[in-house]
Novice: 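The structure that follows is given in the form of structure tokens.
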Amino acid sequence: MNTIEAILTRRSIRKYISKPVPDAILNQLLQAAMFAPSARNYRPWQFVVVNSRQSLDKLTDIHPYAGMLRQASLAILVCGDRHLEKEDGYLAINCAASIQNILLAAHELGLGSVWLGVYPREDRMTEMKKHFGLPDHILPIGLVAIGYADEQKPVPERFEPQKVHYEKWGNANSAD
């Protein structure tokens with residue numbers, strides 16, 4: 001699968017079969033995450049891998065849209081480290097790039113995944129910090145559910161040329 005194909009065919013998967021993800025594949029996902037671009041190349045991310053059934057099930061009580069974790073093989077909580085990057089806005093952006101790399105790598109490796117938003121929802125952030133015992137300088141950004149897919153989703157048409165502007169707002173094509 002090439003990069004464009006991976007980007008265009010990746011879907012948010014919320015149904016999984018009961019099959020563990022091997023450690024070698026998990027390590028590839030984490031490596032992909034750590035190769036994301038980041039502002040000033042600070043790489044201010046930290047990761048919490050969740051793969052016990054008890055912990056995955058508990059997260060469904062913490063996050064209102066995490067029901068799929070009852071089937072997922074694992075989850076990765078992507079966090080921003082304020083000791084490595086002082087501005088929360090950059091933390092969120094940098095970690096979002098890392099999350100996107102996880103999603104694309106999972107797709108390439110034959111896994112399904114879905115991004116569960118945590119930041120900037122204070123209630124979710126507070127509960128995640130408490131549940132995982134995160135220190136004050138660690139900000140939970142997003143949770144990624146991962147497993148072998150038990151569903152297939154069609155690829156919708158999402159290209160919207162009316163949202164593209166050339167040189168200034170309102171120019172619909174490059175000839176103007």
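Note that the numbering runs from 1 along the sequence shown for the chain.
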Novice: Taking the side chain as everything from C-beta on, heavy atoms only, tell me whether Arg11 gets closer than 4.5 Å to His107.
Specialist: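 They are not in contact (no side-chain heavy atoms under 4.5 Å apart), so the answer is no.
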Novice: Indicate, with yes or no, if Leu103 and Phe47 share a hydrophobic cluster defined by side-chain heavy-atom contacts under 4.5 Å among Ile, Leu, Val, Met, Phe, Trp and Tyr.
Specialist: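 Cluster IDs for Phe47 and Leu103 match.
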Novice: Answer yes or no: is there a donor N or O on one side and an acceptor on the other, between the side chain of Thr60 and the main chain of Gly67, under 3.5 Å?
Specialist: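 It does not hold such a pair.
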Novice: Return yes if some donor-acceptor pair links the side-chain N/O of Asp81 with the main-chain N/O of Trp45 below 3.5 Å, else return no.
Specialist: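 Not at all, since once roles are kept as given, no pair shorter than 3.5 Å links the two residues.
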Novice: Got a donor-acceptor contact below 3.5 angstrom from the Arg121 side chain to the Tyr119 backbone?
Specialist: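 No; judged by distance alone, with no hydrogens or angles, the pair does not exist.
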Novice: Return the minimal non-hydrogen interatomic distance between Trp115 and Ala96, and the atom names on each side.
Specialist: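 The answer is CH2-CB, 3.8 Å.
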Novice: Got a donor-acceptor contact below 3.5 angstrom from the Asn171 side chain to the Glu167 backbone?
Specialist: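 No, because the side chain of Asn171 does not come within donor-acceptor range (under 3.5 Å) of the backbone of Glu167.
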Novice: Can Arg124 and Glu127 be counted as an ion pair, charged N to O under 4.0 angstrom?
Specialist: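 No, this pair does not count.
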Novice: In the structure I gave you, are the side-chain heavy atoms of Leu26 and Ile76 within less than 4.5 Å of one another anywhere?
Specialist: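 In contact.
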Novice: Quick one: are Lys58 and His131 in side-chain contact, heavy atoms under 4.5 Å?
Specialist: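 Side-chain contact under 4.5 Å: yes.
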Novice: Going hydrophobic residue to hydrophobic residue with side-chain gaps under 4.5 angstrom, can you get from Ile7 over to Met1?
Specialist: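 Shared cluster, no.
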Novice: State whether the side chain of Arg53 and the backbone N or O of Arg70 hold a donor-acceptor pair below 3.5 Å, judged by distance alone.
Specialist: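 Looks like yes, one N/O pair under 3.5 Å.
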Novice: Are Leu74 and Val50 close enough that some pair of their side-chain heavy atoms sits under 4.5 Å apart?
Specialist: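 Leu74 vs Val50: side chains apart.
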Novice: Look at the side chain of Glu85 and the backbone N and O of Leu91, then say whether any donor-acceptor pair between them is shorter than 3.5 Å.
Specialist: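 No.
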Novice: Is it true that a side-chain atom of Ser38 and a backbone atom of Arg43 form a donor plus acceptor pair closer than 3.5 Å?
Specialist: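 It does hold such a pair.
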Novice: Side-chain contact test, heavy atoms from C-beta onward, threshold under 4.5 Å: evaluate it for Asp150 versus Gln71 and give yes or no.
Specialist: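 No. Closest side-chain heavy atoms not under 4.5 Å.
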Novice: Heavy-atom count check: over 12 atoms from other residues, nucleotides or ligands less than 6.0 Å from Asp23 CG?
Specialist: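 Open.
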Novice: Measuring from Leu29:CG to Met34:CE, what's the distance to the nearest 0.5 Å?
Specialist: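 One finds 11.0 Å between CG of Leu29 and CE of Met34.
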Novice: Within the 4.5 Å heavy-atom criterion, are His63 and Met128 side-chain neighbours or not?
Specialist: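 Yes, their side chains come closer than 4.5 Å.
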Novice: May I ask you to decide if the ring planes of Trp169 and His165 are parallel, tilted or perpendicular, using 30° and 60° as cut-offs?
Specialist: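 Parallel: the ring planes of Trp169 and His165 meet at under 30°.
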Novice: If you group Ile, Leu, Val, Met, Phe, Trp and Tyr by side-chain heavy-atom gaps below 4.5 Å, do Leu69 and Ile62 land in one group?
Specialist: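 As far as the 4.5 Å side-chain criterion goes, Ile62 and Leu69 are connected within one cluster.
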Novice: Compare every heavy atom of Ile102 with every heavy atom of Ala33, then report the nearest pair and how far apart it is.
Specialist: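 Taking every non-hydrogen atom into account, CB-CG1, 3.5 Å.
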Novice: Could you state the interatomic distance from CD (Gln31) to CG (Asn101), rounded to the nearest 0.5 Å?
Specialist: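 The CG atom of Asn101 is 11.0 Å from CD of Gln31, to the nearest 0.5 Å.
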Novice: Calculate, to the nearest 0.5 Å, the distance between atoms CZ and CG belonging to Arg40 and Leu84 respectively.
Specialist: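 Reported to 0.5 Å precision, the distance equals 11.5 Å.
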Novice: Say whether Ile99 and Ile25 are linked into one hydrophobic cluster, either directly or through other cluster members, by side-chain heavy-atom distances under 4.5 angstrom.
Specialist: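 Yes, one cluster joins them.
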Novice: Does the side chain of Ile13 reach to within under 4.5 Å of the side chain of Gln152, using non-hydrogen atoms?
Specialist: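 No, every pair of side-chain atoms sits at 4.5 Å or beyond.
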Novice: Taking Pro140's backbone N and O only, do any of them form a donor-acceptor pair with Lys129's side chain (distance below 3.5 Å, no angle check)?
Specialist: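 Such a contact is absent between Lys129 side chain and Pro140 backbone.
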Novice: Report the distance from atom CD1 of Ile17 to atom OH of Tyr148, rounding to the nearest 0.5 Å.
Specialist: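 So the gap between those two atoms works out to 8.0 Å.
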Novice: Determine whether a donor-acceptor pair (N or O, by modelled atom type, separation under 3.5 Å) exists between the side chain of Glu151 and the backbone of Lys153.
Specialist: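 No, the answer is negative, given that no donor and acceptor are paired below the 3.5 Å cut-off.
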Novice: I need the minimum non-hydrogen distance between Ala32 and Ala105, along with the two atoms involved.
Specialist: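 Nearest heavy atoms, Ala32 then Ala105: CB-CB, 3.7 Å.
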Novice: Nearest 0.5 Å, what's the CG-CG distance between Leu134 and Leu77?
Specialist: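 Answer rounded to 0.5 Å: 6.5 Å.
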Novice: Does Ser113 use its side chain to pair, donor to acceptor, with the backbone of Ala106 at less than 3.5 Å?
Specialist: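 Flag not set: sc Ser113 to bb Ala106 has no pair under 3.5 Å.
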Novice: Would you give the length of the straight line joining atom CG of Leu8 to atom OG1 of Thr3, rounded to the nearest 0.5 angstrom?
Specialist: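 Taking CG in Leu8 and OG1 in Thr3, the distance rounds to 10.5 Å.
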Novice: Any heavy-atom pair between the side chains of Phe132 and Leu59 that's under 4.5 Å?
Specialist: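 Sidechains of Phe132 and Leu59: in contact.
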